[in-house]
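Hydrogens, waters and symmetry mates are skipped; everything else that's a heavy atom, side chains included, is used. All residue numbers in this chain count up from 1 along the given sequence.
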Amino acid sequence: MLYPYAEFPGTLIVTHSQMFEDNTVLVHFEQPRDWGFKEARYVLPSGEELYNEGFTKEEVIRNKQIISNNKELIMAYAKIRSRAHD
């Protein structure tokens, strides 16, 4: 399940998973385009890109900057969400 984290100008939507048993969190970026959505998925804490459909190199740099600037907060929210499912 993905939980809302933030919506940025240009309708970029960032969501995250709960924290998994291995202390990782999935972070999902989504942005509408004329024929559907751009989507990308990253894993925290490493910030590794798992999937990218439609984001440009510049947008990937921006996505990774958002992750870098918000990693601690996203991880904290995800940990809270995982406790809610226990």
Item to check | Other cluster members, Val14 - Ile/Leu/Val/Met/Phe/Trp/Tyr, side-chain contacts below 4.5 Å | outcome: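 Tyr5, Phe8, Leu12, Met19, Val25, Val27, Phe29, Tyr42, Leu44, Phe55, Val60, Ile66, Ile67, Leu73, Ile74, Met75, Tyr77, which link up through side-chain heavy atoms under 4.5 Å apart, make up the rest of the cluster.
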Item to check | Those residues that, when tested against Glu21, pass side-chain hydrogen bond (donor to acceptor under 3.5 Å, both in side chains) (two or more places apart) | outcome: none
Checklist outcome for this item: One should read off an interatomic distance between Glu53 CD and Glu30 CD, to the nearest 0.5 angstrom, of 12.5 Å
Next on the checklist: For the CG atom of Leu26 and the CE atom of Met1, what is their distance to the nearest 0.5 Å?
Outcome noted: 14.5 Å
What heavy-atom pair brings [X] and [Y] nearest, and what distance separates the two atoms?
| X | Y | answer |
| --- | --- | --- |
| Ser17 | Ala78 | O-CB, 3.3 Å |
| Thr11 | Pro32 | OG1-CD, 3.2 Å |
| Pro4 | Thr15 | CA-CG2, 3.9 Å |

Item to check | Heavy-atom side-chain contact between Pro45 and Asn23 under 4.5 Å | outcome: no
Checklist entry - With side chains defined as the heavy atoms from C-beta onward, is the minimum distance between Gln31 and Phe37 less than 4.5 Å? => result no
Item to check | Where at least one partner belongs to residues 38-52, residue pairs that pass salt bridge (Lys or Arg N to Asp or Glu O under 4.0 Å), sequence neighbours excluded | outcome: Lys38-Glu59
